[in-house]
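Worksheet for the structure shown next.
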Amino acid sequence: MSLVREGYEVQVIADAGGSPSQIGDDMALRRMEKNGVTLSSTNQVIAELAGNWSTPEGSAIVRQVVMPALQG
């Protein structure tokens, strides 16, 4: 939040962190969002990086990142 106050656009990957309790996570995310932080998920960021799934780079991301995550 200090970076937001300094004028930066901040994006937090909400499913990449954790605290000892769900309520702790929820409260921290609400506080960040209320103060101007953009909340995203891992999948959202991967999709943004891929840009276009039909390109060779997009296909590589699907094979190397998305498919293994779906398989557990």
Side-chain angles (χ1 to χ4, degrees):
M1 290 186 302
S2 61
L3 291 173
V4 171
R5 285 191 296 273
E6 291 181 25
Y8 291 94
E9 291 184 24
V10 178
Q11 184 174 6
V12 169
I13 310 307
D15 61 349
S19 65
S21 67
Q22 182 65 44
I23 194 166
D25 282 341
D26 294 343
M27 298 307 296
L29 293 172
R30 288 174 57 192
R31 185 170 174 242
M32 285 185 269
E33 190 170 37
K34 181 180 176 184
N35 285 281
V37 171
T38 300
L39 301 180
S40 295
S41 70
T42 302
N43 287 340
Q44 286 173 308
V45 172
I46 290 170
E48 288 175 18
L49 292 172
N52 183 340
W53 296 114
S54 66
T55 65
E57 295 80 9
S59 297
I61 290 172
V62 169
R63 284 192 311 278
Q64 296 174 13
V65 178
V66 177
M67 293 308 292
L70 293 175
Q71 296 170 353

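Because the structure is predicted, anything quoted here is derived from the model rather than measured. In this chain, residues are counted from 1 in sequence order.
With sequence neighbours excluded, the residues that form a side-chain hydrogen bond (donor to acceptor under 3.5 Å, both in side chains) with D15 are T42. Listed by chain and residue number, S40, S41 satisfy the side-chain contact (heavy atoms from CB on, under 4.5 Å) test with Q44 (two or more places apart in sequence, or in another chain). Residues forming a side-chain hydrogen bond (donor to acceptor under 3.5 Å, both in side chains) with S2 (at least two apart in sequence, or on another chain): none. By the side-chain contact (heavy atoms from CB on, under 4.5 Å) test, E9 pairs with no residue at all, sequence neighbours left out. Residues forming a side-chain contact (heavy atoms from CB on, under 4.5 Å) with V4 (at least two apart in sequence, or on another chain): V10, V37.
Shown here for A50 and G58, the closest heavy-atom pair between the two residues is CB-CA, 4.3 Å.
Hydrophobic side-chain contacts under 4.5 Å tie L49 into a cluster, directly or through other members, with I13, V45.
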Pair up each side-chain donor or acceptor in residues 21-33 with any protein partner under 3.5 Å, not counting sequence neighbours, and list the distances.
{"from": "S21", "atom 1": "OG", "to": "G24", "atom 2": "N", "distance (Å)": "3.0"}
{"from": "Q22", "atom 1": "NE2", "to": "D26", "atom 2": "OD1", "distance (Å)": "2.9"}
{"from": "D25", "atom 1": "OD1", "to": "S19", "atom 2": "N", "distance (Å)": "3.0"}
{"from": "D25", "atom 1": "OD1", "to": "S19", "atom 2": "OG", "distance (Å)": "2.9"}

